[in-house]
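A short worksheet on the structure shown next.
This structure is a prediction, so every number in the text was calculated from the model and none was measured.
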Protein chains: 2
Amino acid sequence: MAKARATIADVAREAGVSKGLVSFALNDRPGVSAHTRDRILAVAKDLGWSPSVRARSLSSDRAFALGVVIARNPEILSSDPFFPALIAGIETALAPVGQALVLSMVGDADAETASYRQLAAHGRVDGVIITDLRLNDPRLALVEELGLAAVTLGRPDIPSPFPSVNLDDAPGIRDAVRHLADLGHVRIAHVAGPATMLHGARRREAFDAALRELGLDAGPDGCLVIETDFSAADGARATRELLALPERPTAIVYSNDPMAIAGMGVAQRDGLRVPEDLSVTGFDDSDVGRHINPSLTTVSTAAQVWGEAAATALLRVVSGEQIDHIELSPALLVVRESTGPRPGTTTRPPEPGTT
Amino acid sequence: MAKARATIADVAREAGVSKGLVSFALNDRPGVSAHTRDRILAVAKDLGWSPSVRARSLSSDRAFALGVVIARNPEILSSDPFFPALIAGIETALAPVGQALVLSMVGDADAETASYRQLAAHGRVDGVIITDLRLNDPRLALVEELGLAAVTLGRPDIPSPFPSVNLDDAPGIRDAVRHLADLGHVRIAHVAGPATMLHGARRREAFDAALRELGLDAGPDGCLVIETDFSAADGARATRELLALPERPTAIVYSNDPMAIAGMGVAQRDGLRVPEDLSVTGFDDSDVGRHINPSLTTVSTAAQVWGEAAATALLRVVSGEQIDHIELSPALLVVRESTGPRPGTTTRPPEPGTT
DNA sequence: CGGCTCACCTGAACCGGTTTAGCCAAACTA
DNA sequence: TAGTTTGGCTAAACCGGTTCAGGTGAGCCG
């Protein structure tokens with residue numbers, strides 16, 4: 001019944017060579033004649049032998065697995081469409097080459113550090129994909145100290161020993177702002193992610209830059225930017241604050257879709273119509289955003305492509321290759337129904353003197 | 001610089017005993033005097049030694065890791081709040097005991113099978129948590145054939161060699177239907193998940209049963225149930241079909257939140273107000289559902305608790321324990337704003353639930 | 001006192017690969 | 001022709017644990 005798995009010794013015996021030579025043939029290293037190699041591989045195939053990852057791990061000091069540590073409140077994570085897509089992308093790169101993905105989801109920074117340490121100490125993975133970069137991210141030093149290979153999703157703000165796989169958020173935000181400006185909006189607000197998270201900060205910078213570029217940055221109340229923790233709840237809170245302003249914005253650029261959707265909810269609750277009274281844009285192009293009413297104008301990031309590119313790059317790093325930073329095509333604006341002309345522009349002439 | 005990791009041999013030498021005895025002490029097996037064990041453990045601690053997972057894997061034929069294979073379209077997955085919470089729960093059970101989670105996300109059934117096979121063949125995991133049970137699920141036989149331990153999330157419809165960790169959907173659906181009936185609704189429809197997926201089918205059954213129980217099942221058009229693939233897009237499609245009926249339902253019970261949210265979008269687009277003209281309930285209690293307008297009446301499943309319970313149970317199975325089926329407290333209805341009295345009735349609406 | 005049991009411990013085999021030192025014969029160099 | 005290189009291969013050590021057949025000595029029994 002229980003046919004024992006073939007081992008390298010079985011293959012060696014059957015092929016009439018030594019264990020070592022089978023190993024050489026398998027990893028096609030020089031020192032094996034083409035003829036012998038073929039014979040060995042044929043026998044291996046015949047016996048249905050594939051090398052044991054465990055034994056390989058032990059002797060060659062590699063894990064044949066990559067790691068991802070996600071440190072976010074599960075509640076926030078749950079509504080964010082980014083990670084499932086990212087992971088699906090990673091998987092498409094890993095599965096064909098027999099590598100595995102070790103995933104760790106933790107709640108706070110201490111657990112995050114512990115998780116990286118454990119992954120490294122136990123030799124679970126050969127490298128990690130660092131997501132959700134933060135300002136002055138301590139993980140870069142940590143991961144380097146631990147001797148793990150890594151790539152970062154996005155370009156860190158500090159010198160990094162690791163290559164980055166980059167998907168630029170800025171063009172998406174800039175296009176969103178321009179789109180709104182084209183529609184006549186002048187008072188445009190931004191509901192930003194946490195300033196400590198690099199993509200939150202970068203989107204905000206892109207927002208500021210776009211306003212400046214359009215000469216829209218000198219609002220009477222200064223900057224209309226509110227920082228949040230990326231949760232729908234906080235997005236709703238931020239929206240309430242914005243709408244309570246004496247001169248409320250006519251358009252809001254949100255840093256992710258869940259917040260934008262929550263924001264639309266708040267606005268509608270206030271009796272505002274979207275987009276007639278308030279235009280709204282999201283970020284990440286979630287499935288739900290496509291089907292709400294009105295459907296959400298948002299910025300589409302190819303999370304799956306990103307994951308695949310990052311995993312592929314990391315595999316190359318792990319195998320000793322020297323790789324450069326990789327730039328993917330940037331995030332793109334997807335215009336739907338939640339954005340429209342500034343209130344008054346279609347029915348009334350633009351108010352004079354407001355800027 | 002590179003201080004080599006301590007090995008069991010170092011500990012043995014330092015403690016003046018044999019390697020074997022250190023191993024015995026570590027796994028506290030009989031045959032080691034209490035005094036010696038303490039000394040060994042003290043030395044181990046002193047040297048900062050923890051056993052190499054790789055070496056342990058090889059010699060003891062265990063992986064010290066659990067696996068989850070998720071087979072869903074990433075698009076559908078992205079909007080589903082269930083999996084991140086589930087995985088976070090699994091992680092809370094795994095991290096403290098030094099086990100790892102190997103996650104695999106695949107697109108189709110073939111890749112799914114291949115993924116289980118690879119996990120088993122490579123000895124990556126000791127057991128798997130089987131999620132998204134299907135009718136007559138072929139994975140039960142597959143996983144058993146592969147010799148993996150397993151637990152299923154939910155009770156399979158066929159005899160299963162594995163214990164199940166169960167969180168009953170039915171009470172949530174039943175409560176939703178009763179809640180709607182209490183509000184005077186008579187024509188209640190259901191937008192179901194795929195009939196091939198057990199939780200889709202079970203929720204539908206619960207829906208049918210609740211209608212029967214209330215004597216509401218003899219609608220003139222027969223059953224108002226439409227099957228979907230769980231995606232927001234398909235939820236929208238189903239809603240359109242329901243609203244196009246000559247005598248349209250006044251309430252719709254959706255099988256998940258994204259479809260309910262999409263459905264509300266469709267209804268509003270049709271000029272219907274929610275809940276004045278149409279009541280809507282979801283399933284899973286997503287973050288976004290709490291913040292849209294109107295907020296979504298839904299059924300809350302403790303996915304995180306479920307994940308933790310499943311992982312804990314599987315760890316016990318892996319360690320040879322014989323465990324029974326585990327029943328968690330069932331899904332609960334959370335009443336919010338998207339449900340109201342049947343159009344035309346004068347019943348006072350119940351207090352909307354907070355949270 | 002000899003033989004027995006039993007608790008405690010050692011030594012070595014083993015898991016299934018990788019890697020290195022070294023052997024041998026053929027080919028090349030001078 | 002003798003000496004050196006080189007391609008092809010083997011044997012054995014090694015990775016860091018687990019496991020098991022025995023060895024040792026103390027305590028007990030008759």
Side-chain angles (χ1 to χ4, degrees), chain A residues 2-41 43-44 47-65 98 120-124 126 319-320, chain B residues 2-41 43-44 47-65 98 120-124 126 319-320:
Chain A
K3 46 165 194 258
R5 249 187 79 145
T7 73
I8 198 173
D10 300 327
V11 177
R13 190 178 346 95
E14 196 74 13
V17 296
S18 67
K19 274 171 54 177
L21 204 61
V22 176
S23 176
F24 274 51
L26 176 75
N27 301 315
D28 44 22
R29 292 168 42 151
V32 190
S33 75
H35 174 259
T36 310
R37 182 203 332 283
D38 291 348
R39 187 161 43 90
I40 291 175
L41 294 182
V43 170
L47 263 50
W49 174 74
S50 70
S52 146
V53 173
R54 287 173 185 168
R56 244 140 82 89
S57 272
L58 180 58
S59 57
S60 68
D61 201 40
R62 283 177 297 164
F64 304 97
H122 289 184
R124 294 280 192 179
D126 298 316
S319 69
Chain B
K3 47 166 192 252
R5 250 187 77 144
T7 74
I8 198 172
D10 300 326
V11 177
R13 190 178 346 96
E14 197 74 14
V17 296
S18 68
K19 273 171 54 177
L21 203 63
V22 176
S23 177
F24 273 51
L26 176 75
N27 302 316
D28 45 21
R29 292 167 44 151
V32 190
S33 73
H35 175 258
T36 311
R37 183 205 328 286
D38 290 349
R39 187 159 46 88
I40 292 175
L41 294 183
V43 170
L47 264 50
W49 174 74
S50 70
S52 146
V53 173
R54 288 173 184 166
R56 244 141 80 89
S57 272
L58 179 59
S59 58
S60 68
D61 202 37
R62 284 177 295 165
F64 304 96
H122 289 184
R124 294 280 193 180
D126 299 315
S319 68

Response to the item:
Residue set satisfying salt bridge (charged side-chain N to carboxylate O under 4.0 Å, His left out) with A/Arg13, at least two apart, ordered chain then number -> A/Asp10

Response to the item:
By salt bridge (charged side-chain N to carboxylate O under 4.0 Å, His left out), A/Asp61 pairs with (sequence neighbours left out) B/Arg54

Practice prompt. Sequence neighbours left out, what passes side chain to side chain contact (heavy atoms under 4.5 Å, CB included) with A/Ala15? Give chain and number order.
Written response: A/Val17, A/Arg39, A/Ile40, A/Val43

Worksheet item: What string of B, S and - do you get for nucleotides 9-19 of chain C, 5' to 3', if B is base contact, S is sugar-phosphate-only contact and - is no contact with any protein heavy atom under 4.0 Å?
Response: BB----BBBBB

Give every donor-acceptor pair under 3.5 Å between a side-chain atom in residues 18-31 of chain A and any protein atom, sequence neighbours left out.
from	atom 1	to	atom 2	distance (Å)
A/Ser18	OG	A/Leu21	N	3.4
A/Asn27	OD1	A/Arg56	NH1	3.2
A/Asn27	ND2	A/Ser23	O	3.2

Worksheet item: Taking only residues two or more places apart in sequence or in another chain, which ones pass side-chain hydrogen bond (donor to acceptor under 3.5 Å, both in side chains) with A/Ser52?
Response: none

